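Step one of this worksheet: look at the structure below.
These figures come from a predicted structure and were not determined experimentally.
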Amino acid sequence: MKKLIALLAAAVLAGCASTPELESKAGVEDRTPTTAVPAQPGVTAVTPIAPKADQLPNALKDPKNILSKRSVFFDYDSDRIRDEFRPLLQAHGKYLGDHAGAKMLVQGNADERGSREYNLALGQRRAEAIKRMLALMGARDAQIDAVSLGEEKPRCTEQSEACWAENRRGDLLHSGEF
Amino acid sequence: MRFMFRPVLLLLALVCSSAQAQLSIEITGGGANQIPIGVLRFAGEQVLAQNISDIVEADLQRSGRFRMLFAGSVDPLPTEVAQVNFGDWKNRNADAVVIGSVVRLADGRFEARFRLLDVPKQVQIGGVAFTLSAQQVRATAHRIADVVYEKLTGDRGVFSTRIAYVVKQGNRYELQIADADGVGAQTALASREPIISPTWSPDGTRLAYVSFENKKPVVYVHSLLSGQRQVVANFKGSNSAPAWSADGRQLAVVLSKDGGSQIYLIGADGSNPRRITNSGSIDTEPFFTPDAQSIYFTSDRGGSPQIYRMSAIGGEAERVTFDGSYNVSPRVSSDGKTLVYIARDGGRFELKSLDLASRQGQTLTDGQHDESPSFAPNGKMILYATQINNRGSLAAVSSDGRVKQRLSVQAADVREPAWGPFFNN
C-alpha cells in the first residue's frame, strides 16, 4: 500500500513538473550546489608538552628566596620597570649570569581592554623591558626569550582596576617551567 | 520611495543534530528601504529533512534588506508564473515573490527549482533548478537566497559563505567554522591554550591563526581540506597578526625576532621572511587592501595607537586616523572604499567606519568592548566580537549601521570572528 502511494505521489510530482514543459524550462538554469568549503576532515587536537618543574633548583623554589618571586607589574600602557621590582630582577639577572646553562622565558601580559593584537605587542614590549633589565644585571641575551601572551592568560578576570593591574604583568619562567 | 524602519526582533532557534553548542542569531534592527517579499512553501519540499523555503526566508530576513510578507497557506502551491495570484500580492504591496518545487529524482537525489517573480510586472526575473543530495538542502537554500538577494539588491549574496571564530569553554579553546547563519559548526582545532587572529586565505581553503600551545604566540596555516597544519612563523620572541595577500602566496605577520613588534612579509609556507616596517614603536595588525597595493596597520609611532597606510612592500607610512587617542584593528572593504576599525571613546571600544574618499566617518556600534571586525565579502555587513553580560559574543552590523544582529552560543565565550570569502563555483 505504502509503495503504491509513493508511486502515485511520484507520478503526480512528475506530472506537475512536466505539464507546462515549455514555460517551465524557460529562464531556469540547471546547477548543482556546492558547499563553500569542502567537508571538514575532523578536529585537530593539540596537546601541549608538560614542563618538568620538579627538576627546578631549590633556590628558585624556596619561598624565602627572592628568586621564588617571578612577577613584575606595570602601569597602564607602560613598560617602565618600577623601582620596587629592581631587586627581584637583579636577583634573577645574577642567577642567569652565574648559571650559563640556565634559560629563561619572559612572558609579558596586558590587561584585556582593547585590541588583542595590540595588547600582544604591549605585552611584548614589557617582556623586552624585563629582558633588558636582566641583561644589565648579568644575564646573556641568548639565555632569555622574551615573548608575549597579550591579554590571553589573565590572572584575574573581573573588570576592575585592581584586576587589570594584576594582569599588566611580566612572568619569569626558568628552565623546567616552560 | 518607501522608508521603512521597523525594529524587528526575531529569534531563530537553530536546530542542530550535533551535541555541540550552536550559534543562535538575534536580529535587533531593521534596514532602510526594505524590499517587501513573500517566500511561498516549495511544492513537495516535505520530502526533504528541512524546508528549503524556511531557510531562504530566514536568510533574506537576517540580511535586514527585506520585509518578509507572511505567505500563509496557499493550496495548491504555485510552481509556475501563471499559477500565482498576483492581484493578492499586489494588494499586500509585495515587490517580489519566490515560488518553487522539490521532486525526488530516480537516482535518489532531488531537484529543487525556484522562480523569483516581479509582482508589479507579473514576470519571472530569476530561476534556477538545482540537483542536490539529501545533505545539500541547506547549501541549496543558501544558493537560492543568494540569487534572490543579488537580483533584488544588485549586491552579491553572502548566504553561502562561512565564518570562523574561537569558542572558549573553561580552559578549552576551539577554532570553529560555521555557515554564515551560524549553523553547522565544525571544530577545526581544539587546544588547551589560546587561539587568536584566525584569517581566511583568499580561496577559502586555509586559515592562518596564532596559537599559544608552545607557551608563546606562533603563526600557523591550517588546511581545511586535509586538516594538516604548518608552522609559518615560530621565531625568537612573539609571532602574530597574520594577514593574507590577495594571491594567497604570502602573509604579512608581526614578529619580534629583531626587537619590538614589527611587520614582515613571509611566504605562506614560512619561507623568506623580510621586514617591511622599521620603527622603534609597535607596528601591528597589518591588513592588505583588496588590490594588494597597500597595507593598513596599527602603530603607536605618533604616541598613541593610530591607523597608518603604507605600500605593500614597505616604505613611508601615512597616518589615516586622527580623532581620539586609540584607533586600532583596521579592515578594508572588498571594493577598497571603506575602512572599519575599533576606536576608544571614553572607556568604550566601538566599531567605526571611514569612507576613504570623502573622509566621512560613522560610529556603527555602541558596545563597551567591541573588537576584531571582519567584513562580509560583499562589504554589506561587518562581523565583530562584543561582550554581553561579561561574556564574549559575536555580533554583526550592516555597513550603514542600521541592521544589527547578535550571534551567541549558550554557556561559552565566543570571540575572534573572521568572515570567509566568496566561494567560486
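- The existence of a salt bridge linking B/Asp181 and B/Arg138 is confirmed by a sub-4.0 Å separation between a basic side-chain nitrogen and an acidic carboxylate oxygen.
- If you tally non-hydrogen atom pairs under 4.5 Å between each of B/Asn390, B/Thr298, B/Ile125 and chain A, the highest count goes to B/Asn390.
- Taking the six-membered ring where tryptophan is involved, the planes of A/Phe73 and A/Phe85 are tilted, since the angle between them lies from 30° to 60°.
- Counting heavy-atom pairs closer than 4.5 Å to chain A, the top residue among B/Arg229, B/His142, B/Lys168 is B/Arg229.
- Chain A forms more heavy-atom pairs under 4.5 Å with one residue of B/Ser240, B/Ser329, B/Ser261 than with any other, namely B/Ser240.
- Nearest heavy atom pair, residue B/Glu111 against residue B/Ala129, reads OE2-CB, 4.1 Å.
- With a 4.5 angstrom heavy-atom cutoff, A/Gln159 touches chain B only via side-chain atoms.
- Salt bridge status for B/Glu80 with B/Arg115: present, with a side-chain N to carboxylate O gap under 4.0 Å.
- The residue among B/Asn239, B/Val328, B/Leu189 with the most heavy atom pairs within less than 4.5 Å of chain A is B/Leu189.
- Among the candidates A/Asp77, A/Leu122, A/Leu120, A/Val147, the residue making the largest number of heavy-atom pairs closer than 4.5 Å to chain B is A/Val147.
- Salt bridge present: A/Asp171 and A/Arg155 bring a charged side-chain N and a carboxylate O closer than 4.0 Å.
- Put simply, of A/Arg116, A/Gln107, A/Glu128, the one with the most heavy-atom pairs under 4.5 Å next to chain B is A/Arg116.
- Your options are B/Gln135, B/Gln368, B/Glu371, and the one with the most heavy-atom pairs under 4.5 Å with chain A is B/Glu371.
- Between A/Tyr118 and B/Tyr326, the two ring planes are perpendicular [angle over 60°; tilted spans 30° to 60°].
- For a residue to count as touching a neighbouring chain, one of its non-hydrogen atoms must lie under 4.5 Å from one of that chain's; by this rule A/Ala121 touches chain B with backbone and side chain alike.
- For B/Val137, no part sits under 4.5 Å from any heavy atom of chain A, backbone or side chain.
- At a 4.5 Å heavy-atom cutoff, B/Gln262 makes no contact with chain A through either its backbone or its side chain.
- Using a 4.0 Å cut-off between charged side-chain N and carboxylate O, A/Lys103 and A/Asp145 make no salt bridge.
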